[in-house]
Each structure stands twice: as structure tokens, then as C-alpha cells.
Number of protein chains: 2
Amino acid sequence: MEQQEHAFLSSNTVEDASRIFKALADPTRIKILYLLSQEECSVSHITEVLNMTQSAVSHQLSLLRNLRLVKYRRDGNTFYYTYDDEHVITILNQVISHIECK
Amino acid sequence: MEQQEHAFLSSNTVEDASRIFKALADPTRIKILYLLSQEECSVSHITEVLNMTQSAVSHQLSLLRNLRLVKYRRDGNTFYYTYDDEHVITILNQVISHIECK
DNA sequence: AATGTATATGAACATATGCTCATATACATT
DNA sequence: AATGTATATGAGCATATGTTCATATACATT
């Protein structure tokens, strides 16, 4: 009630923002989300394109699922993932464009 | 030369994007950058507002300096920091607005 | 010159993160 | 029912990260 004269962020807001940026902070997750921004993908397809182990990809998808950044549908044994947060994809694309036009 | 049919990101681009998002992924750095988005601040002012140790703040400022996200001017013993990357501030504010209007 | 003040920096430590390896699960096929 | 296939998951491990503590640096003041 004294030392904070200017508008500041609530700790919830800061935590939420941190969570979003953390999700985007890892190269593997950037690649996955970028792929999904272009097309629905099966896990095995992601695994092949990124040239990673199935387990590593699956762990990252699990993390992205928990954050509600991706969702999936199942068809037999195949799981097809799509992105589930338009805003986060927009942010990702903005940063990528900004980097590429340098 | 065969398994990559769609446009994909160069690893440099991915690394650069990762670096930017990593910078924004920590609550302390979010608070610092948000403060600096509003006004030029001395280290001691940031320390008081965030209620953290001088050392912790200084370490984070050092990290942000290395990433060229902030710069400073010196006036006697006091160092005044400002942000140095308009685009990153824009991204931060976009994410914050998005979170707050939920 | 000596002391004070604001900030930076290195080492150490605890926690978080991302991967691998082994294995579980669930559906498909035979 | 038995085997195969696609994916998920838990444990373990190595590395990265953020803080603290102690101390260095550089300028100011007396």
C-alpha cells in the first residue's frame, strides 16, 4: 500500500505469460507448433520430419496438450494432432517473421 | 533431399526464436521488461518494486543485456536501464493483453 | 586518502528441463 | 487369442536455469 505507484501486473498474469513463453522457448516445441500451424500431423509424421525419437516427440506433445496448445483426434492407432490456441500460433509466427526479415 | 516436402524453418531461425522466448519465459524478466516498457528505471528501483535482492536483479539485467533486449546509461553511481528491442516489448504486451482480457 | 554507495560478477547450490530407455496401453490384423 | 503397430508414460540422467552469498568495481563524498 505504499511502494507501488505505477500499474503493475498481477502475479497470475505474470505466471500465465511465463507459461506461454516457456512453451515456446524450446526448439523442439517450436518446430512441432510450426508444423501444426501448417497441417494436421500424426505423431509418426512429426517424428520423421523432426528426426527425433517417438518418445521425445510424444513427451513434448503431452506437455503441449497439458497447456491446451494442441489437441488430437484418434483414427485407429494413429493420433492426429492440431494446434488448439490460435493466439499462440500467431505470436510464434510474428516472432519467426521478425527474425527472418532481418 | 527427400523427406521434407513442406517449407520448414532453418535451425538458425528456430534457435533465434527460442532465445527470444526463453528471455520472456521467466517471471522476473517479464516483470523487469514490463517495468521498462513503461519507464526508464534504475537498478535499485527495479530491486525495490520487484522486492528482490540487488544481485538477482543485476544477474537478470546482465542476461537481458547480453541478448540486447535492454541497454543502460550511467549517471554517477546509478545505472538507468531502458528496453532496447521494440519488437520483443510488443510481443510481451500482446501476450499480456491476451491473458488479461479473458 | 578513506569511506560510502550503486551495481556487477563469480561460485555454489537447488530445482527445472529435455532426452533416453524400458515398458505400458489400446487398437488392428491375422 | 496371438501378434503387430502407434502412441503414451514413468524412471533416470545430464544439462540448464535462477537464486543466494561473498566479493569486486567504479564512482562520489568527506
Side-chain angles (χ1 to χ4, degrees), chain A residues 3 11 14-36 39-82 84, chain B residues 3 11 14-36 39-82 84:
Chain A
Q3 82 171 12
S11 49
V14 173
E15 291 300 324
D16 287 353
S18 171
R19 254 186 291 279
I20 290 176
F21 288 125
K22 272 199 175 84
L24 294 166
D26 175 68
T28 298
R29 289 192 294 273
I30 290 177
K31 290 178 198 166
I32 291 175
L33 288 172
Y34 186 75
L35 250 184
L36 296 183
E39 51 179 348
E40 187 183 53
C41 294
S42 67
V43 177
S44 55
H45 182 243
I46 298 173
T47 299
E48 285 163 22
V49 172
L50 301 198
N51 193 30
M52 293 182 62
T53 66
Q54 179 269 320
S55 180
V57 169
S58 190
H59 276 295
Q60 295 295 0
L61 286 171
S62 159
L63 191 153
L64 293 171
R65 254 187 289 126
N66 290 336
L67 293 171
R68 314 262 176 208
L69 300 189
V70 302
K71 61 187 174 189
Y72 66 95
R73 67 184 176 84
R74 180 175 198 150
D75 182 10
N77 275 339
T78 305
F79 291 55
Y80 292 98
Y81 278 81
T82 50
D84 197 25
Chain B
Q3 81 172 11
S11 49
V14 173
E15 291 300 325
D16 287 352
S18 172
R19 254 185 290 278
I20 290 177
F21 288 126
K22 272 198 176 85
L24 292 167
D26 174 67
T28 297
R29 289 192 294 271
I30 289 177
K31 291 177 198 166
I32 291 175
L33 287 172
Y34 185 74
L35 251 183
L36 296 184
E39 49 178 350
E40 186 183 54
C41 294
S42 68
V43 177
S44 55
H45 183 243
I46 298 173
T47 300
E48 285 163 22
V49 172
L50 300 197
N51 193 31
M52 293 182 61
T53 65
Q54 179 269 321
S55 179
V57 170
S58 190
H59 276 296
Q60 295 295 0
L61 286 171
S62 158
L63 191 153
L64 293 171
R65 251 187 291 126
N66 290 335
L67 293 171
R68 314 261 176 208
L69 300 189
V70 303
K71 61 187 174 191
Y72 67 95
R73 67 182 176 87
R74 180 174 199 151
D75 182 10
N77 275 338
T78 306
F79 291 54
Y80 292 99
Y81 278 81
T82 49
D84 197 24

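Throughout, a chain's letter reflects where its sequence line sits, starting with A, and its residues are numbered from 1.
Among residues two or more places apart in sequence or in another chain, the salt bridge (Lys or Arg N to Asp or Glu O under 4.0 Å) test is passed with A:E40 by A:R73. Residues meeting the side-chain contact (heavy atoms from CB on, under 4.5 Å) test with A:L33, sequence neighbours left out: A:L24, A:L64, A:V70, A:I89, A:L92. Annotation: side-chain contact (heavy atoms from CB on, under 4.5 Å) contacts of B:S44 (sequence neighbours excluded): B:S42. Applying the salt bridge (Lys or Arg N to Asp or Glu O under 4.0 Å) criterion to B:R65, with sequence neighbours excluded, gives no partner residue.
The separation between B:E15 atom CD and D:dA16 atom P is 12 Å, rounded to whole Å. Nucleotide D:dT5 holds its C1' atom 14 Å from the CG atom of A:D75, rounded to whole Å. Nucleotide C:dC27 holds its P atom 16 Å from the CZ atom of A:R73, rounded to whole Å. Atom P of nucleotide D:dG18 and atom CG of B:N66 are separated by 13 Å, given to the nearest angstrom. In this structure, B:N51 atom CG and D:dT20 atom C1' are separated by 15 Å, rounded to whole Å.
The backbone N or O of A:A25 lies less than 3.5 Å from a partner atom in the side chain of B:S18, making a donor-acceptor pair. B:T47 places a side-chain N or O within 3.5 Å of a backbone atom of B:V43 that can act as its donor or acceptor partner.
Stem analysis of DNA chain C (at least three stacked-register Watson-Crick or G-U pairs, each with both distances under 3.5 Å) gives C:1-30 with D:1-30.
Across residues 20-31 of chain A, A:K22, A:D26, A:T28, A:R29 each have a non-hydrogen atom less than 4.0 Å from an atom of DNA chain C (numbered order).
Nearest heavy-atom pair across A:L50 and A:T28 is CD1-O, 4.1 Å.
Sorted by first and then second residue, the ring pair (Phe, Tyr, Trp, His ring centres under 6.0 Å) pairs involving residues 53-74 of chain B (not counting sequence neighbours) are B:Y72-B:F79, B:Y72-B:Y81. The salt bridge (Lys or Arg N to Asp or Glu O under 4.0 Å) analysis of residues 15-24 of chain A, with sequence neighbours excluded, yields the pairs A:D16-A:R19.
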Under 3.5 Å between N/O atoms: give me all the protein pairs with nucleotides 6-9 of chain C, atom names plus distance.
| residue | atom | partner | partner atom | Å |
| --- | --- | --- | --- | --- |
| C:dA6 | O4' | B:N77 | O | 3.4 |
| C:dA6 | O3' | B:N77 | O | 3.2 |
| C:dT7 | OP1 | B:V43 | N | 3.3 |
| C:dT7 | OP1 | B:F79 | N | 3.2 |
| C:dT7 | OP2 | B:S44 | N | 2.9 |
| C:dT7 | OP2 | B:S44 | OG | 3.3 |
| C:dA8 | OP1 | B:Y81 | OH | 2.5 |
| C:dA8 | OP2 | B:S58 | OG | 2.8 |
| C:dA8 | N7 | B:Q54 | NE2 | 2.9 |
| C:dA8 | N6 | B:Q54 | OE1 | 3.3 |
| C:dT9 | O4 | B:S55 | OG | 2.8 |

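Here the NZ atom belonging to A:K31 is positioned 11.0 Å from the CD atom belonging to A:Q60, to the nearest 0.5 angstrom.
Within the 4.5 Å cutoff, side-chain heavy atoms of B:L61 are placed close to those of B:I46.
Here B:Q60 does not reach the OP1 or OP2 of D:dT17: none of its side-chain N or O atoms lies under 4.0 Å away.
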